[in-house]
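Note that these values count all heavy atoms, side chains included, but never hydrogens, waters or copies made by symmetry. Proteins come first, then strands; the chains are lettered A, B, ... in the order of their sequence lines, and each starts at number 1.
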Number of protein chains: 2
Amino acid sequence: MDTRHMRYFMALAETLHFGRAAERMNMSQPPFSRQIAMIEHSLGVKLFERNSRNVALTPAGKHFMKDCRNVLGQFEDACRDVRLVASGMKGELRFGFMMHAAHSVVPQLVQLYSEARPDVRLVLDERTPTEIDEMLVAGTLDAAVTFGSEYTLNLQTVLLARERLRIIMRKDHVLAAARQIGPMALCNERIIAAPVATAPALRSAINSYFSAKGLVPHVVLEPRLQHTIIQLVAKGLGVALIPASLCNELGGGLTSRALSDSPQLDVVLRAPITTKNPAVSTFMEIGKAMQQTSI
Amino acid sequence: MDTRHMRYFMALAETLHFGRAAERMNMSQPPFSRQIAMIEHSLGVKLFERNSRNVALTPAGKHFMKDCRNVLGQFEDACRDVRLVASGMKGELRFGFMMHAAHSVVPQLVQLYSEARPDVRLVLDERTPTEIDEMLVAGTLDAAVTFGSEYTLNLQTVLLARERLRIIMRKDHVLAAARQIGPMALCNERIIAAPVATAPALRSAINSYFSAKGLVPHVVLEPRLQHTIIQLVAKGLGVALIPASLCNELGGGLTSRALSDSPQLDVVLRAPITTKNPAVSTFMEIGKAMQQTSI
DNA sequence: TGCGATCAATGCTTTCAGGGTATCATATGG
DNA sequence: CCATATGATACCCTGAAAGCATTGATCGCA
């Protein structure tokens, strides 16, 4: 038994006429009759009640007809779908992003892509920038939004946006009243920042900001999660330099200020050059299109 | 593409090794490799990433694997189920019965059969005896419980039970106080009975009961449904002769009495001899088994 | 009742899809 | 750099299945 046999069976079950069914299968009647006999023999079941004048389905044949319709439908769907997956119209795309981008480019990127490729399941995975790089290389992620860096081994990169860093603090902090805030004003402040191992690009941008003036930031706490940093600032344990896009949704007790000569960070979309997932290419294309409009 | 190709694909997808997959398919490696290439070519999709050292699934291949597992499962189920239907273990049985039997043999018959053949869907259809005969001949019913009669053209019959007729009346009816009730006592009563066209066996039993004494029943109303007959008796419009098994569940205002030399009716299970539904045979067998115990 | 028409089954021939064997090509590891 | 493992190719051969011709059975109509 095979799907071809099921198709023969269906042709006869629907026409109840060997000649016309054979014609539908683009063959002559004699081999068609033999195939039907073969099917019945291999199943050990009489599917048709027939004489030289009439053809009718047996109860078993009627039941088999429903099952065959079902199987053949699923079979063709499978063949169609595998093409869609190969073309990137369907399937799955594992998309990583850092929390710093969750409120800026990610929502738009996800929305645009979901509209363009509604049958691709986007698996979102929030990670720290370092985890993202590892997972991209390991192939655990298909694409990700992270901070730009020189380390782009086997990775293709699309610049999505440039973010300026701002400083956040409690509203009752002395700096909240300052006219202008730069490295000099900050070098005696208790700075809270993610560790180098977690967000190298962000941390090096902060370090450079100070070292350009011959200074060194006084980093007192190094939580790995952005969420934690903001909470610690809210508790008055220090101040933090964070991307501007995150400053819109601060809690009640917090405020943000621009930095003089503020450092910039690239927010990029990255994917392995060697990716085998065909869904990635249009994802990157949409990233490029966003770049045109947002910068 | 065919299910055989899907099986080849699954073998390779699961082993990721051409040699071992070919072995599993009971063939040598070279033709197996060709078949895999054929599949990819006919689908127009690369399913495996391979060199002379490693074999790996592409994303499209991974997706196809799930679909193939599904299709192959359903395919085998269909082949298994059609055998079950042909053997009468699965399928559908359209079972007709007259209301006179609904409270006696039908529940037991249905229960016993459902236990013996849980995968056969019993389609119950309550009909008048005449409708039942027509539908059995037309093939609209596979089997039915009805009154016995001589007319058994192409029908096989199993005697399930013998029912005596009793007379029912309102509790305030004069006959309710009678010592013994026979044709003489009834020939002046207003009789309510189903028409000959609806229940010939029942009606002829009633007629014979009177004619044996040279009398003729005075039938004033002829509703087709048993339910209606009982309601009319309850309204005081007459009395009725009905099978004893129906007398247990009479409404509040009604009562029943035995008839002297009471007429008997056979309750039988019938099916076309030429039935093509393999589920019928055990249904009849169970009827025969009930006959042993009930009579 | 007999004849022609219709339609499924059967016999025979042919072809090509698909399997087998031998061999090649390539990547890996010691 | 060679031995080994493994997938791809080349070539041959068998048999499943298609085609053609024909038979056999049933039905409708004269």
When you look at NZ of Lys62(A), are more than 12 heavy atoms from neighbouring residues, nucleotides or ligands closer to it than 6.0 Å?
-> no

Which residue lies toward the 5' end of DNA chain D, Pro31(B) or Arg20(B), if each is placed at its nearest nucleotide?
-> Arg20(B)

The answer to which of Arg53(A) and Pro30(A) contacts DNA chain C further toward the 5' end, by nearest nucleotide, is Arg53(A)

Got a donor-acceptor pair under 3.5 Å from the side chain of Ser52(B) to the base of dT6(D)?
-> no

Can you check whether any acceptor in the base of dG11(C) is under 3.5 Å from a donor in the side chain of Arg34(A), or vice versa?
-> yes

Are the ring centres of Phe48(B) and Phe64(B) closer than 6.0 Å?
-> no

Phe283(A) and Phe95(A) aromatic centres sub-6.0 Å = yes

Side chain of [X] only, heavy atoms from C-beta on: which candidate in [options] is closest?
X: His5(A); options: dA17(D), dA27(C), dG19(D); value: dA17(D)
X: Met27(B); options: dA8(C), dG20(C), dA18(D); value: dG20(C)
X: Tyr8(A); options: dA18(D), dG19(D), dG19(C); value: dA18(D)

Rounded to whole Å, how long is the line connecting atom [atom1] of [X] with atom [atom2] of [N]?
X: Asn54(B); N: dT6(D); atom1: CG; atom2: C1'; answer: 10 Å
X: Gln35(A); N: dA9(C); atom1: CD; atom2: P; answer: 13 Å
X: Lys46(B); N: dA8(D); atom1: NZ; atom2: C1'; answer: 12 Å
X: Phe32(A); N: dT10(C); atom1: CZ; atom2: P; answer: 15 Å
X: Asn51(A); N: dA9(C); atom1: CG; atom2: P; answer: 10 Å
X: Ile36(A); N: dC7(C); atom1: CD1; atom2: C1'; answer: 15 Å
X: Met38(B); N: dT9(D); atom1: CE; atom2: C1'; answer: 16 Å
X: Glu23(B); N: dG20(C); atom1: CD; atom2: P; answer: 12 Å

Is Glu92(B) paired with Arg121(B) through a side-chain N to carboxylate O contact shorter than 4.0 Å?
-> yes

With a 4.0 Å cut-off, would you call Lys288(A) and Glu285(A) a salt bridge?
-> yes

Across the strands shown, which category fits Gln29(B) at heavy-atom distances under 4.0 angstrom: base, sugar-phosphate, nothing?
-> base

Just checking Arg50(A): base, sugar-phosphate only, or nothing, at a heavy-atom cut-off of under 4.0 Å?
-> sugar-phosphate

Please check the phosphate of dA8(D) (OP1 and OP2 only) for any side-chain N or O of Ser33(B) closer than 4.0 Å.
-> yes

N or O in side chain of Ser28(A) less than 4.0 angstrom from dA18(D) OP1/OP2 | no

